[in-house]
Student: 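Got a structure here, written out as C-alpha coordinates. Questions coming.
Since the model is a prediction, treat every value here as computed from it, not as a measurement.
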Number of protein chains: 2
Amino acid sequence: MTGLSTRAIGRAAVRGELASIALPRFFEAGFDNVTFDDLATAAGVSRSTFLRYFGTKEDVVLFAFDPLGDAMSAALASRPAAEDEWTALRRAVDPAVALLTREPDDGLTLLRLVWTTPALWGRLHEKQASWRPALADRLAERSGDGAVSPLALRTRVMAALGCLMVAFDSWVNDNGRDDLDALTDATFAALASIPSYHQVNGRPS
Amino acid sequence: MTGLSTRAIGRAAVRGELASIALPRFFEAGFDNVTFDDLATAAGVSRSTFLRYFGTKEDVVLFAFDPLGDAMSAALASRPAAEDEWTALRRAVDPAVALLTREPDDGLTLLRLVWTTPALWGRLHEKQASWRPALADRLAERSGDGAVSPLALRTRVMAALGCLMVAFDSWVNDNGRDDLDALTDATFAALASIPSYHQVNGRPS
DNA sequence: CGCATGTGTGAAACTGAGTGTCAGGCTAGA
DNA sequence: TCTAGCCTGACACTCAGTTTCACACATGCG
(Lines give C-alpha, C1' and ligand atoms only; values in the text may rest on other atoms or scores of the structure.)
Protein backbone atom coordinates (compact mmCIF):
# COMPACT_ATOMS: atom_id res chain seq x y z
CA MET A 1 0.00 0.00 0.00
CA THR A 2 3.02 2.26 0.10
CA GLY A 3 2.39 3.22 -3.52
CA LEU A 4 4.10 6.57 -3.80
CA SER A 5 6.10 7.71 -0.83
CA THR A 6 6.01 11.35 0.10
CA ARG A 7 9.62 11.39 -1.10
CA ALA A 8 8.70 10.18 -4.55
CA ILE A 9 5.93 12.76 -4.89
CA GLY A 10 8.28 15.54 -3.89
CA ARG A 11 10.87 14.32 -6.30
CA ALA A 12 8.40 14.26 -9.19
CA ALA A 13 7.29 17.78 -8.35
CA VAL A 14 10.84 19.05 -8.30
CA ARG A 15 11.54 17.37 -11.62
CA GLY A 16 8.59 19.15 -13.15
CA GLU A 17 9.65 22.45 -11.70
CA LEU A 18 13.22 22.11 -12.92
CA ALA A 19 12.08 21.05 -16.38
CA SER A 20 9.74 24.02 -16.68
CA ILE A 21 12.57 26.36 -15.80
CA ALA A 22 14.94 24.68 -18.25
CA LEU A 23 12.69 24.42 -21.31
CA PRO A 24 12.61 28.13 -22.20
CA ARG A 25 16.41 28.22 -22.13
CA PHE A 26 16.55 25.42 -24.67
CA PHE A 27 13.98 27.16 -26.85
CA GLU A 28 15.96 30.39 -26.86
CA ALA A 29 19.51 29.15 -27.22
CA GLY A 30 19.16 25.73 -28.81
CA PHE A 31 19.69 22.41 -27.12
CA ASP A 32 23.44 22.19 -27.66
CA ASN A 33 24.13 25.72 -26.49
CA VAL A 34 22.79 25.23 -22.99
CA THR A 35 24.99 23.55 -20.39
CA PHE A 36 24.07 21.90 -17.13
CA ASP A 37 25.78 24.81 -15.42
CA ASP A 38 23.40 27.20 -17.16
CA LEU A 39 20.39 25.16 -16.11
CA ALA A 40 21.58 24.78 -12.54
CA THR A 41 22.25 28.48 -12.22
CA ALA A 42 18.88 29.36 -13.72
CA ALA A 43 17.15 27.01 -11.30
CA GLY A 44 19.17 28.13 -8.31
CA VAL A 45 20.59 24.72 -7.48
CA SER A 46 23.99 23.15 -7.96
CA ARG A 47 25.03 21.29 -11.08
CA SER A 48 25.20 18.13 -8.96
CA THR A 49 21.62 18.45 -7.85
CA PHE A 50 20.31 19.14 -11.32
CA LEU A 51 22.13 16.10 -12.61
CA ARG A 52 20.64 14.01 -9.87
CA TYR A 53 17.14 14.79 -11.08
CA PHE A 54 17.89 14.30 -14.78
CA GLY A 55 20.57 11.86 -15.72
CA THR A 56 20.98 13.41 -19.17
CA LYS A 57 20.16 16.68 -20.85
CA GLU A 58 17.79 14.87 -23.18
CA ASP A 59 15.74 13.71 -20.19
CA VAL A 60 15.07 17.31 -19.25
CA VAL A 61 13.29 17.96 -22.54
CA LEU A 62 11.70 14.55 -22.98
CA PHE A 63 10.33 14.63 -19.45
CA ALA A 64 7.21 16.11 -21.02
CA PHE A 65 6.53 12.86 -22.87
CA ASP A 66 6.92 10.62 -19.83
CA PRO A 67 3.23 10.19 -18.99
CA LEU A 68 2.34 9.13 -22.54
CA GLY A 69 3.30 5.49 -22.15
CA ASP A 70 0.78 4.85 -19.42
CA ALA A 71 -1.79 7.19 -20.93
CA MET A 72 -1.76 5.41 -24.27
CA SER A 73 -1.92 1.98 -22.67
CA ALA A 74 -4.91 3.09 -20.63
CA ALA A 75 -6.56 4.61 -23.68
CA LEU A 76 -6.16 1.38 -25.62
CA ALA A 77 -7.43 -0.74 -22.74
CA SER A 78 -10.56 1.39 -22.50
CA ARG A 79 -11.61 0.94 -26.14
CA PRO A 80 -14.71 -1.22 -26.67
CA ALA A 81 -13.87 -4.86 -27.33
CA ALA A 82 -15.90 -4.89 -30.53
CA GLU A 83 -13.95 -2.07 -32.10
CA ASP A 84 -11.57 -3.09 -34.85
CA GLU A 85 -7.93 -3.17 -33.98
CA TRP A 86 -6.63 -0.34 -36.16
CA THR A 87 -9.29 2.07 -34.97
CA ALA A 88 -8.48 1.17 -31.40
CA LEU A 89 -4.81 1.92 -32.06
CA ARG A 90 -5.74 5.21 -33.70
CA ARG A 91 -7.63 6.18 -30.55
CA ALA A 92 -4.77 4.97 -28.36
CA VAL A 93 -2.49 7.71 -29.66
CA ASP A 94 -5.04 10.41 -28.89
CA PRO A 95 -3.33 11.31 -25.59
CA ALA A 96 -0.17 12.10 -27.54
CA VAL A 97 -2.02 14.34 -29.95
CA ALA A 98 -3.83 15.98 -27.07
CA LEU A 99 -0.61 16.63 -25.16
CA LEU A 100 0.84 18.57 -28.07
CA THR A 101 -2.25 20.46 -29.14
CA ARG A 102 -3.50 21.54 -25.72
CA GLU A 103 -1.30 24.59 -26.06
CA PRO A 104 -0.56 24.47 -29.78
CA ASP A 105 2.26 27.01 -29.69
CA ASP A 106 4.07 25.33 -26.82
CA GLY A 107 3.55 21.93 -28.34
CA LEU A 108 4.88 22.99 -31.70
CA THR A 109 7.87 24.72 -30.16
CA LEU A 110 8.70 21.64 -28.14
CA LEU A 111 8.36 19.32 -31.09
CA ARG A 112 10.41 21.63 -33.25
CA LEU A 113 13.21 21.52 -30.71
CA VAL A 114 13.08 17.73 -30.68
CA TRP A 115 12.99 17.51 -34.46
CA THR A 116 15.95 19.83 -34.98
CA THR A 117 18.15 18.06 -32.43
CA PRO A 118 19.26 14.59 -33.50
CA ALA A 119 20.01 13.52 -29.94
CA LEU A 120 16.49 14.42 -28.84
CA TRP A 121 14.87 12.84 -31.86
CA GLY A 122 16.74 9.62 -31.19
CA ARG A 123 15.84 9.53 -27.52
CA LEU A 124 12.19 10.20 -28.25
CA HIS A 125 12.18 7.19 -30.52
CA GLU A 126 13.83 5.10 -27.80
CA LYS A 127 11.12 6.19 -25.43
CA GLN A 128 8.47 5.44 -28.01
CA ALA A 129 9.92 1.96 -28.43
CA SER A 130 9.72 1.43 -24.69
CA TRP A 131 5.96 2.02 -24.86
CA ARG A 132 5.40 -0.79 -27.33
CA PRO A 133 5.42 -3.88 -25.12
CA ALA A 134 2.58 -2.63 -22.93
CA LEU A 135 0.54 -1.63 -25.97
CA ALA A 136 1.13 -5.03 -27.57
CA ASP A 137 -0.09 -6.66 -24.36
CA ARG A 138 -3.31 -4.64 -24.41
CA LEU A 139 -3.77 -5.63 -28.03
CA ALA A 140 -3.28 -9.31 -27.20
CA GLU A 141 -5.91 -9.11 -24.48
CA ARG A 142 -8.55 -7.70 -26.78
CA SER A 143 -8.00 -10.18 -29.61
CA GLY A 144 -8.08 -13.37 -27.56
CA ASP A 145 -4.72 -14.35 -26.28
CA GLY A 146 -3.34 -16.71 -28.90
CA ALA A 147 -5.40 -15.48 -31.83
CA VAL A 148 -2.79 -13.31 -33.50
CA SER A 149 0.94 -13.93 -33.38
CA PRO A 150 2.86 -11.71 -30.97
CA LEU A 151 5.11 -10.72 -33.85
CA ALA A 152 2.14 -9.42 -35.83
CA LEU A 153 0.87 -7.50 -32.82
CA ARG A 154 4.24 -5.92 -32.20
CA THR A 155 4.45 -4.99 -35.85
CA ARG A 156 1.07 -3.26 -35.79
CA VAL A 157 1.94 -1.37 -32.62
CA MET A 158 5.17 -0.26 -34.27
CA ALA A 159 3.17 0.88 -37.28
CA ALA A 160 0.71 2.85 -35.18
CA LEU A 161 3.41 4.71 -33.28
CA GLY A 162 5.23 5.20 -36.56
CA CYS A 163 2.11 6.82 -37.98
CA LEU A 164 2.11 9.16 -35.02
CA MET A 165 5.75 10.05 -35.63
CA VAL A 166 5.16 10.73 -39.33
CA ALA A 167 2.26 12.95 -38.36
CA PHE A 168 4.52 14.79 -35.89
CA ASP A 169 7.08 15.17 -38.64
CA SER A 170 4.56 16.65 -41.06
CA TRP A 171 3.19 18.94 -38.42
CA VAL A 172 6.64 20.32 -37.62
CA ASN A 173 7.56 20.63 -41.26
CA ASP A 174 4.54 22.70 -42.21
CA ASN A 175 4.87 24.78 -39.03
CA GLY A 176 1.60 23.68 -37.54
CA ARG A 177 -0.47 24.85 -40.46
CA ASP A 178 -2.37 21.58 -40.68
CA ASP A 179 -4.25 20.07 -37.80
CA LEU A 180 -2.19 17.44 -36.02
CA ASP A 181 -5.26 15.36 -35.37
CA ALA A 182 -6.14 15.34 -39.06
CA LEU A 183 -2.57 14.52 -40.03
CA THR A 184 -2.67 11.56 -37.68
CA ASP A 185 -5.92 10.41 -39.26
CA ALA A 186 -4.26 10.63 -42.66
CA THR A 187 -1.23 8.57 -41.70
CA PHE A 188 -3.37 5.88 -40.15
CA ALA A 189 -5.52 5.84 -43.27
CA ALA A 190 -2.43 5.40 -45.42
CA LEU A 191 -1.79 2.03 -43.82
CA ALA A 192 -5.38 0.93 -43.41
CA SER A 193 -5.68 -0.22 -46.97
CA ILE A 194 -2.37 -1.13 -48.50
CA PRO A 195 -3.24 -1.68 -52.14
CA SER A 196 -3.36 -5.27 -53.37
CA TYR A 197 -0.60 -7.14 -51.65
CA HIS A 198 -0.43 -10.80 -52.59
CA GLN A 199 1.84 -13.67 -51.57
CA VAL A 200 4.37 -12.46 -49.07
CA ASN A 201 5.78 -15.89 -48.59
CA GLY A 202 6.46 -17.62 -51.84
CA ARG A 203 8.88 -15.21 -53.40
CA PRO A 204 7.25 -13.05 -55.99
CA SER A 205 10.69 -12.92 -57.60
CA MET B 1 32.77 13.22 -64.34
CA THR B 2 34.97 13.66 -61.31
CA GLY B 3 32.82 11.11 -59.51
CA LEU B 4 35.09 9.75 -56.82
CA SER B 5 38.54 11.23 -56.54
CA THR B 6 41.45 8.97 -55.75
CA ARG B 7 41.48 10.72 -52.37
CA ALA B 8 37.91 9.74 -51.60
CA ILE B 9 38.56 6.14 -52.54
CA GLY B 10 41.56 5.97 -50.28
CA ARG B 11 39.65 7.54 -47.46
CA ALA B 12 36.82 5.05 -47.80
CA ALA B 13 39.29 2.18 -47.79
CA VAL B 14 40.94 3.46 -44.62
CA ARG B 15 37.55 3.85 -42.98
CA GLY B 16 36.74 0.25 -43.75
CA GLU B 17 40.08 -0.93 -42.46
CA LEU B 18 39.78 1.04 -39.21
CA ALA B 19 36.21 -0.16 -38.67
CA SER B 20 37.19 -3.78 -39.18
CA ILE B 21 39.93 -3.43 -36.59
CA ALA B 22 37.61 -1.70 -34.15
CA LEU B 23 34.56 -3.97 -34.34
CA PRO B 24 36.05 -6.99 -32.55
CA ARG B 25 37.05 -4.75 -29.66
CA PHE B 26 33.47 -3.60 -29.27
CA PHE B 27 32.23 -7.18 -29.43
CA GLU B 28 34.62 -8.30 -26.70
CA ALA B 29 34.42 -5.43 -24.28
CA GLY B 30 31.08 -3.78 -24.99
CA PHE B 31 30.54 -0.46 -26.72
CA ASP B 32 30.86 1.74 -23.67
CA ASN B 33 34.03 0.06 -22.41
CA VAL B 34 36.12 0.89 -25.46
CA THR B 35 37.63 4.37 -25.76
CA PHE B 36 38.95 6.17 -28.80
CA ASP B 37 42.41 5.75 -27.29
CA ASP B 38 41.93 1.99 -27.29
CA LEU B 39 40.82 2.01 -30.90
CA ALA B 40 43.62 4.27 -32.03
CA THR B 41 46.23 2.16 -30.29
CA ALA B 42 44.80 -1.02 -31.76
CA ALA B 43 44.84 0.49 -35.23
CA GLY B 44 48.30 2.00 -34.83
CA VAL B 45 47.24 5.57 -35.46
CA SER B 46 46.75 8.55 -33.19
CA ARG B 47 43.49 9.38 -31.48
CA SER B 48 43.30 12.50 -33.66
CA THR B 49 43.50 10.50 -36.84
CA PHE B 50 40.91 7.96 -35.76
CA LEU B 51 38.56 10.77 -34.83
CA ARG B 52 39.08 12.35 -38.22
CA TYR B 53 37.76 9.24 -39.94
CA PHE B 54 34.82 8.73 -37.62
CA GLY B 55 33.28 11.73 -35.97
CA THR B 56 31.62 9.64 -33.29
CA LYS B 57 32.08 6.20 -31.80
CA GLU B 58 28.66 5.20 -33.07
CA ASP B 59 29.77 5.89 -36.63
CA VAL B 60 32.48 3.26 -36.30
CA VAL B 61 29.92 0.53 -35.69
CA LEU B 62 27.18 1.86 -37.95
CA PHE B 63 29.62 2.28 -40.82
CA ALA B 64 28.56 -1.25 -41.83
CA PHE B 65 25.04 0.02 -42.59
CA ASP B 66 26.14 2.94 -44.72
CA PRO B 67 25.65 1.37 -48.15
CA LEU B 68 22.10 0.29 -47.38
CA GLY B 69 20.45 3.60 -48.21
CA ASP B 70 21.58 3.56 -51.80
CA ALA B 71 21.20 -0.19 -52.10
CA MET B 72 17.60 -0.15 -51.01
CA SER B 73 16.74 2.79 -53.24
CA ALA B 74 18.27 0.98 -56.19
CA ALA B 75 16.45 -2.22 -55.31
CA LEU B 76 13.13 -0.39 -55.19
CA ALA B 77 13.80 1.42 -58.44
CA SER B 78 14.50 -1.87 -60.18
CA ARG B 79 11.21 -3.53 -59.27
CA PRO B 80 8.79 -4.03 -62.18
CA ALA B 81 6.30 -1.19 -62.56
CA ALA B 82 3.37 -3.56 -62.47
CA GLU B 83 4.29 -4.99 -59.09
CA ASP B 84 2.11 -3.89 -56.23
CA GLU B 85 3.58 -1.32 -53.89
CA TRP B 86 3.90 -3.36 -50.71
CA THR B 87 5.64 -6.23 -52.45
CA ALA B 88 8.05 -3.78 -54.03
CA LEU B 89 8.82 -2.38 -50.60
CA ARG B 90 9.30 -5.86 -49.21
CA ARG B 91 11.85 -6.51 -51.94
CA ALA B 92 13.48 -3.14 -51.36
CA VAL B 93 14.66 -4.22 -47.91
CA ASP B 94 16.28 -7.36 -49.25
CA PRO B 95 19.72 -5.76 -49.34
CA ALA B 96 19.45 -5.17 -45.60
CA VAL B 97 18.49 -8.75 -44.92
CA ALA B 98 21.26 -9.94 -47.21
CA LEU B 99 23.86 -7.78 -45.49
CA LEU B 100 23.13 -9.36 -42.12
CA THR B 101 22.71 -12.95 -43.25
CA ARG B 102 25.68 -13.21 -45.57
CA GLU B 103 27.77 -14.18 -42.56
CA PRO B 104 24.99 -15.01 -40.09
CA ASP B 105 27.24 -15.13 -37.02
CA ASP B 106 28.87 -11.80 -37.76
CA GLY B 107 25.56 -10.23 -38.64
CA LEU B 108 23.90 -11.44 -35.48
CA THR B 109 26.82 -10.33 -33.33
CA LEU B 110 26.74 -6.89 -34.91
CA LEU B 111 23.01 -6.53 -34.51
CA ARG B 112 23.19 -7.75 -30.92
CA LEU B 113 25.75 -5.05 -30.16
CA VAL B 114 23.47 -2.43 -31.68
CA TRP B 115 20.42 -3.73 -29.86
CA THR B 116 22.09 -3.79 -26.45
CA THR B 117 23.52 -0.28 -26.76
CA PRO B 118 20.89 2.46 -26.64
CA ALA B 119 23.16 4.99 -28.33
CA LEU B 120 23.72 2.65 -31.26
CA TRP B 121 20.09 1.68 -31.52
CA GLY B 122 19.09 5.34 -31.63
CA ARG B 123 21.67 6.23 -34.27
CA LEU B 124 20.64 3.29 -36.45
CA HIS B 125 17.10 4.60 -36.37
CA GLU B 126 18.34 8.06 -37.33
CA LYS B 127 20.18 6.56 -40.24
CA GLN B 128 17.12 4.54 -41.19
CA ALA B 129 15.06 7.71 -41.16
CA SER B 130 17.58 9.38 -43.46
CA TRP B 131 16.92 6.67 -46.04
CA ARG B 132 13.22 7.42 -46.22
CA PRO B 133 13.08 10.45 -48.51
CA ALA B 134 14.85 8.67 -51.36
CA LEU B 135 12.62 5.62 -50.97
CA ALA B 136 9.52 7.79 -50.95
CA ASP B 137 10.73 9.43 -54.16
CA ARG B 138 11.15 6.04 -55.87
CA LEU B 139 7.65 5.13 -54.70
CA ALA B 140 6.21 8.35 -56.12
CA GLU B 141 7.80 7.66 -59.50
CA ARG B 142 6.26 4.23 -59.81
CA SER B 143 2.75 5.24 -58.82
CA GLY B 144 2.40 8.25 -61.13
CA ASP B 145 3.55 11.43 -59.57
CA GLY B 146 0.46 12.95 -58.05
CA ALA B 147 -1.52 9.76 -57.64
CA VAL B 148 -0.92 9.16 -53.95
CA SER B 149 -0.33 11.87 -51.38
CA PRO B 150 3.30 12.33 -50.33
CA LEU B 151 2.20 11.89 -46.74
CA ALA B 152 0.77 8.46 -47.52
CA LEU B 153 3.93 7.46 -49.34
CA ARG B 154 6.14 8.57 -46.49
CA THR B 155 3.93 6.66 -44.08
CA ARG B 156 4.24 3.44 -46.06
CA VAL B 157 8.00 3.79 -46.34
CA MET B 158 8.16 4.32 -42.60
CA ALA B 159 6.03 1.20 -42.13
CA ALA B 160 8.25 -0.89 -44.39
CA LEU B 161 11.46 0.11 -42.61
CA GLY B 162 9.65 -0.38 -39.31
CA CYS B 163 8.79 -3.92 -40.37
CA LEU B 164 12.46 -4.48 -41.04
CA MET B 165 13.37 -3.17 -37.60
CA VAL B 166 10.80 -5.38 -35.88
CA ALA B 167 12.20 -8.34 -37.78
CA PHE B 168 15.71 -7.38 -36.63
CA ASP B 169 14.41 -7.14 -33.09
CA SER B 170 12.84 -10.59 -33.21
CA TRP B 171 15.93 -12.07 -34.78
CA VAL B 172 18.18 -10.70 -32.05
CA ASN B 173 15.76 -11.72 -29.32
CA ASP B 174 15.57 -15.35 -30.37
CA ASN B 175 19.32 -15.43 -30.99
CA GLY B 176 19.07 -16.07 -34.69
CA ARG B 177 17.02 -19.23 -34.32
CA ASP B 178 14.47 -18.10 -36.89
CA ASP B 179 15.36 -17.08 -40.40
CA LEU B 180 15.64 -13.31 -40.75
CA ASP B 181 14.17 -13.43 -44.22
CA ALA B 182 11.12 -15.31 -42.97
CA LEU B 183 10.73 -12.95 -40.02
CA THR B 184 10.74 -10.03 -42.43
CA ASP B 185 8.08 -11.74 -44.53
CA ALA B 186 6.00 -12.17 -41.40
CA THR B 187 6.21 -8.54 -40.32
CA PHE B 188 5.28 -7.32 -43.80
CA ALA B 189 2.38 -9.75 -43.84
CA ALA B 190 1.18 -8.38 -40.51
CA LEU B 191 0.55 -4.99 -42.10
CA ALA B 192 -0.61 -6.21 -45.49
CA SER B 193 -4.13 -6.85 -44.31
CA ILE B 194 -5.05 -4.79 -41.32
CA PRO B 195 -8.38 -6.26 -40.29
CA SER B 196 -11.51 -4.25 -41.08
CA TYR B 197 -10.66 -0.63 -40.54
CA HIS B 198 -13.51 1.74 -41.28
CA GLN B 199 -13.91 5.48 -41.10
CA VAL B 200 -10.73 7.11 -39.96
CA ASN B 201 -12.15 10.53 -40.35
CA GLY B 202 -15.48 10.91 -38.75
CA ARG B 203 -14.64 10.00 -35.22
CA PRO B 204 -15.73 6.47 -34.40
CA SER B 205 -16.11 7.76 -30.84
C1' DC C 1 65.94 20.95 -59.83
C1' DG C 2 63.87 23.89 -56.47
C1' DC C 3 59.83 25.84 -54.63
C1' DA C 4 54.95 26.53 -53.43
C1' DT C 5 50.58 24.27 -52.33
C1' DG C 6 47.51 21.13 -50.42
C1' DT C 7 46.53 17.20 -47.69
C1' DG C 8 47.17 13.74 -43.94
C1' DT C 9 49.07 13.13 -39.37
C1' DG C 10 50.22 13.86 -34.48
C1' DA C 11 50.35 16.62 -30.28
C1' DA C 12 48.12 19.37 -27.15
C1' DA C 13 44.78 22.23 -24.94
C1' DC C 14 40.01 22.93 -24.14
C1' DT C 15 34.82 22.45 -23.26
C1' DG C 16 31.27 19.94 -21.46
C1' DA C 17 28.65 15.45 -20.27
C1' DG C 18 28.28 12.18 -17.00
C1' DT C 19 30.13 9.40 -12.68
C1' DG C 20 31.66 8.82 -8.08
C1' DT C 21 33.00 10.29 -3.50
C1' DC C 22 32.64 12.80 0.62
C1' DA C 23 31.26 15.83 4.24
C1' DG C 24 27.72 18.63 6.21
C1' DG C 25 22.80 19.76 6.94
C1' DC C 26 17.88 18.88 7.30
C1' DT C 27 14.04 15.92 8.55
C1' DA C 28 11.56 12.19 10.65
C1' DG C 29 10.95 8.93 13.87
C1' DA C 30 12.21 6.63 18.68
C1' DT D 1 16.68 14.96 22.58
C1' DC D 2 19.13 11.85 20.02
C1' DT D 3 19.86 9.16 15.97
C1' DA D 4 19.38 7.37 11.25
C1' DG D 5 18.71 8.39 6.62
C1' DC D 6 18.33 11.35 2.70
C1' DC D 7 19.31 15.57 0.22
C1' DT D 8 22.59 18.83 -1.17
C1' DG D 9 26.87 21.02 -2.75
C1' DA D 10 31.78 20.70 -3.67
C1' DC D 11 35.25 18.42 -5.86
C1' DA D 12 37.90 15.27 -8.64
C1' DC D 13 37.86 12.31 -12.47
C1' DT D 14 37.12 9.98 -17.21
C1' DC D 15 36.07 10.40 -21.70
C1' DA D 16 33.84 12.32 -26.11
C1' DG D 17 34.35 15.62 -29.34
C1' DT D 18 36.38 20.29 -31.14
C1' DT D 19 39.93 23.22 -32.34
C1' DT D 20 44.52 24.81 -33.14
C1' DC D 21 49.15 24.33 -34.49
C1' DA D 22 53.21 22.37 -36.42
C1' DC D 23 55.36 19.02 -39.23
C1' DA D 24 55.73 15.53 -42.97
C1' DC D 25 54.88 14.26 -47.52
C1' DA D 26 53.31 14.43 -52.14
C1' DT D 27 52.28 16.78 -56.31
C1' DG D 28 52.33 20.57 -59.80
C1' DC D 29 54.79 24.46 -61.83
C1' DG D 30 58.47 27.47 -63.19
Student: Rounding to an integer number of Å, can you tell me how far B:Leu51 CG sits from C:dA11 P?
Tutor: 14 Å

Student: Please give me the minimum heavy-atom distance between A:Leu161 and A:Gln128, naming the atom from each residue.
Tutor: CD1-O, 3.6 Å

Student: Calculate the interatomic distance between A:Phe50 atom CZ and C:dT19 atom C1'; express it in whole Å.
Tutor: 17 Å

Student: Just compare C:dG18, D:dG9, C:dG10 and give me whichever is closest to any side-chain atom of A:Val45.
Tutor: D:dG9

Student: Atom CD1 of A:Ile9 and atom C1' of D:dC6: how far apart are they, to the nearest Å?
Tutor: 17 Å

Student: Using heavy atoms to find the nearest nucleotide of DNA chain C for B:Thr49 and A:Asp32 separately, return the residue whose nucleotide is more 5′.
Tutor: B:Thr49

Student: Can you check whether any acceptor in the base of C:dG8 is under 3.5 Å from a donor in the side chain of B:Arg11, or vice versa?
Tutor: no

Student: Nearest-Å distance, CG (A:Asp37) to C1' (D:dA10)?
Tutor: 12 Å

Student: With side-chain contact (heavy atoms from CB on, under 4.5 Å) as the test, would you mind laying out the steps for A:Leu39 and A:Phe26 before giving the verdict?
Tutor: CA-CA 9 Å; A:Leu39 298 178; A:Phe26 287 126; 3.8 Å; yes

Student: OP1 or OP2 of C:dG8 sitting under 4.0 Å from any side-chain N/O of B:Tyr53?
Tutor: no

Student: A:Val34 near the nucleic acid: base, sugar-phosphate alone, or nothing, with a heavy-atom cut-off under 4.0 Å?
Tutor: sugar-phosphate

Student: What contact category does B:Thr35 fall into here, base, sugar-phosphate, or nothing, at under 4.0 angstrom with non-hydrogen atoms?
Tutor: sugar-phosphate

Student: With distance as the sole criterion, do the side chain of B:Arg47 and the base of D:dG17 form a donor-acceptor contact below 3.5 Å?
Tutor: yes

Student: What closest approach, in Å, do A:Met158 and B:Gly162 show between heavy atoms, and which atom pair accounts for it?
Tutor: CE-C, 3.2 Å

Student: Once the angle between the rings of A:Phe54 and A:Phe63 is folded into 0 to 90°, is it parallel (under 30°), tilted (30 to 60°) or perpendicular (over 60°)?
Tutor: perpendicular

Student: Whole angstroms only, please: what is the CG-P distance between A:Asn33 and D:dT18?
Tutor: 14 Å

Student: Could you check how far CG of A:Asp38 sits from C1' of C:dG16, rounded to whole Å?
Tutor: 11 Å

Student: Starting at CG of A:Leu18 and ending at C1' of D:dT8, how long is that distance when rounded to a whole Å?
Tutor: 13 Å

Student: For the pair B:Trp86 and B:Phe188, name the ring-plane relationship: parallel under 30°, tilted 30 to 60°, perpendicular over 60°.
Tutor: tilted

Student: Check whether any side-chain nitrogen or oxygen of A:Ser48 sits under 4.0 Å from OP1 or OP2 of D:dG9, and answer yes or no.
Tutor: no

Student: Look at all strands and tell whether A:Phe54 reaches a base, only sugar-phosphate, or nothing, counting heavy atoms closer than 4.0 Å.
Tutor: nothing

Student: Between P on C:dT19 and CG on A:Asp59, what's the gap in Å once rounded to a whole number?
Tutor: 10 Å

Student: Distance criterion of 3.5 Å, no angle test: do you see the side chain of B:Arg52 paired donor-to-acceptor with the base of D:dG17?
Tutor: no

